[in-house]
Amino acid sequence: METALEVMVEHTDQSKPSRTWVIERTRARVIARFGPGVVKVPSRATAFRLLNQLERRHPLFRLSTKRNRDIASRPEGVYGKLRPTRPGEYLLMDSTRLDVFAFDPFTLRWVQAELSVGMDWYTRCITGIRITPVSTKAVDVSAVLYQAFRPRRAGAGWPRDAVWPEHGIPRSVLVDVDAMEGPGLVSPPLVPETLVVDHGKVYVSEHLTSVCRRMGISIQPARLRTGRDKGPVERYFRTLREGLLQALPGYKGPDIHSRGESPEDDAFFFLDELEAILWEWTATVYHRRPHASLVDPGLPGLRMSPAAMFEHGMARAGYIEAPRDRDLGFEFLKTVWRTIQPYGVEIGRRRYNGSALNNYRNVKSAYTDSPVKDGWPFQVDADDITRIYFRDPADRSWHSLLWEHAPSASMPLSEDALTFARKLAAAKYRFPDDRLAVADLLERWNVGLGTTLPERRMALRLSREQAAIELPQTEEETVVSLPSVRKALGQSTEREEPAEPVLRAATEMGDDDEADLEDGGDDDFYADALEDV
C-alpha cells in the first residue's frame, strides 16, 4: 500500500491512469525494490479495494485531474485565510468564461463571452459586472473596479427592495425619498481598501496597478493556481451557472463533456442583454437570498443575505463616504507619459492636439517622478483613441485632445482596430496613412468582409451601447456639441432644418396646378407617354 500510494502521488501532475496500470506499476516496483516473493502481492479484487481506500487519502481516479491537483496542493496544517471585518476591506476580483453563448450583431453568429466581477468579501455583494467578447482586457477590469465607486442605474421595472439608494445607506437606516420614487443603483457604493486578485495578465497590468496607486488601494495577490484564495467569488460563478445560466438559451455547460449537441443554435442574447440579465438576477435573487457562509459569531444560527450583511456591516463600520468627483472616471483610464511638442502629443504614431496645451508647449514638466524626461500624464481609453484627456495642473480641470484623423472616423475607434487597419493598408497601398487605413477598415466592416476572429472582437467592442467607463463631457466637447458651433463647422444638426424646403413646400400646389394646365392640360402632358412602348 505504501508503494501504491507513492505511485499515485507521482501522477498528481500527469494524466489520469487506470487502476490496473497502477496495480501493475506497483507490483513491478515492489519486486524491483525487495526482490521476487519477499512481499506478498494481493489478488486483483483485494488490490482494487486497497486502491479505493487510498483514493480517500490521495484522489486520482474518481475526480477530474484539475480537481485532484487542487486537493493535492492543500496545506497539511491548520487552514488560514484573510478575515474581513467591515464592508470594503477586501474586494475580490476574477474573470471566467461564461457558460452561455452570446450573439454577434456584426456577423450574426454566436460568440463566446467572458465575465469579470468584483465582490465585497465581507458582505458577498457584487459591486461590478462586465461581460466582454472573447477575452477580458485591462480596461474592463478597471471598469469593474470603477463600478464599486459609481454603481450603475437600476432598471425601471426592478423591485424596490432590490434597488440601493445612491448614498449607500440601507433604507432601514435612512429613508431616501428620491430613491423610493425613482430608480436607484444596482449595487451599494463601496470604497475598496485592498484588491484580492490572481496572477492573470489583466490583473497584474500597469493599467490596474496605476489606478490602484492613484486611488490608494492595496493589491493582495492570491497564490499561484490556488482558487480557494478567492473562494467566495468562485462560489458565485457556480451559483450563477446553476441558478441562472442553465435556464437561458445557448447554455453550453461547465465543460465539454456537459455540452449539448448544438447549443449555439439557441443563442440570441446580445452581450448588453446578457449583462442586464446578470445584473437583475444578482440584485433581485443573489443579494436577497440567505447564504450559509454569512453568519454573525454572536448569532451562529442566523443566516443572512448579502443585503442584510451590508446593513450589519454599516452598523459596525459606519457611513461609507464614496468620492463624489464628477471627473472620477478619468482616473480609471490608462496613464501614458509623453512630452508636449509644438505639434501636440504623439502616442502610438498618433498625434493629438488642443488648446489646453498652449501654456505647456516647450515647458519643463512639473512632474519630477515622470518615467519619461519632461513627461506629462495623459489618460487614454483603449476603446476610443479618437481623443485623449489631459488634466491642467493649474486648475485641475480635464480637457480632451483630439486625434488629427478623428474626423475620418464616424464612431469610436479602438487601438486594436487601428493596428489592424494599418496592417491591412500596408499590404494594399504603397504609401498608406492613418486616414486611408481607417476609411478602408470602416468600409470593409460595412460590406461585411470583416469576419476574422480579431475583427469580430474589435467590432463587438465598438458595437456595445454601454461604454466601459462613463466619462463626463469636457469643456471642449460641450462647446463642440452646441448646435451653432456644429452649424458653423458644416456638421448636420437634428434640431435645425434648412429654410429653403419649407418655403418651397408652401408655394407648391400639387401635380395639377395652374402652370401645368396653361401648358396644354393633361392631354398634351400624356400625349407621348406610350411612344416607347
Between E89 and T194, is any pair of side-chain heavy atoms under 4.5 Å apart? no
If you round to the nearest 0.5 Å, how far is OH of Y203 from OG1 of T136? 6.5 Å
Can you find a pair of side-chain heavy atoms, one from Q147 and one from V186, that are under 4.5 Å apart? no
Keeping K334 on the side-chain end and E206 on the backbone end, is there a donor-acceptor pair under 3.5 Å? no
With no hydrogens and no angle check, just 3.5 Å: does a side-chain donor-acceptor pair link T20 and R44? yes
Is there a donor-acceptor pair closer than 3.5 Å between any side-chain N or O of R150 and the backbone N or O of P323? yes
Is NZ or CZ of R288 both nearer than 6.0 Å to the six-membered ring centre of W164 and within 45° of the ring axis? yes
Minimum heavy-atom separation for A222 to K230, with atom names? CB-CG, 4.5 Å
When you check the side-chain N and O atoms of T335 and Q379, is any donor under 3.5 Å from an acceptor? yes
Atom pair NE2 (H199) and CG (L224), whose distance is rounded to the nearest 0.5 Å: 4.0 Å
Separation between OG of S305 and CG of L294, rounded to the nearest 0.5 Å: 8.0 Å
Does any N or O in the side chain of Y251 come within less than 3.5 Å of the main-chain N or O of R241, such that one atom is a donor and the other an acceptor? no
Does T127 use its side chain to pair, donor to acceptor, with the backbone of G118 at less than 3.5 Å? yes
Pairs where residues 186-195 contributes a residue and the test salt bridge (charged side-chain N to carboxylate O under 4.0 Å, His left out) is met, not counting sequence neighbours: R86-E193
For residues L190 and P192, report the shortest heavy-atom separation together with the two atoms involved. O-CD, 3.6 Å
Donor-acceptor pair between S95 and E114 side chains, under 3.5 angstrom: no
For D296 and H312, the nearest pair of non-hydrogen atoms, with its separation, is OD2-NE2, 3.1 Å
Please confirm whether the backbone N or O of A307 pairs with a side-chain atom of H287, one donor and one acceptor, at under 3.5 Å? no
Answer yes or no: is there a donor N or O on one side and an acceptor on the other, between the side chain of E331 and the main chain of R214, under 3.5 Å? no
Counting distance only, does the side-chain N/O of S205 pair as donor-acceptor with the main-chain N or O of V202 below 3.5 Å? yes
Is atom NZ of K66 surrounded by more than 12 heavy atoms (other residues, nucleotides or ligands) closer than 6.0 Å? no
Working to the nearest 0.5 angstrom, can you tell me the gap between D94 CG and E234 CD? 5.0 Å
Between D120 (side chain only) and P87 (backbone N and O only), is there a donor and an acceptor less than 3.5 Å apart? no
Tell me if the CZ atom of R259 is crowded by more than 12 foreign heavy atoms within 6.0 Å. yes
Identify the two heavy atoms, one from L208 and one from L195, that lie closest to each other, and give their separation to 0.1 Å. CD1-CD1, 4.5 Å
Should the ring pair Y90 and W121 be called parallel, tilted or perpendicular, given that the plane angle runs from 0 to 90° and is split at 30 and 60? perpendicular
Quick check for you: to the nearest 0.5 Å, what is the distance between S116 atom OG and D140 atom CG? 6.5 Å
So which heavy atom on P263 is nearest to which on F101, and how close? CG-CE1, 3.8 Å
One should read off an interatomic distance between N52 CG and F61 CZ, to the nearest 0.5 angstrom, of 8.5 Å
Which label fits Y286 and H291: parallel for a plane angle under 30°, tilted from 30 to 60°, or perpendicular past 60°? perpendicular
Between F332 and F149, does the ring centre distance come in under 6.0 Å? yes
Quick check against the 3.5 Å criterion: does S142 have a side-chain atom that pairs as donor or acceptor with the backbone of A138? no
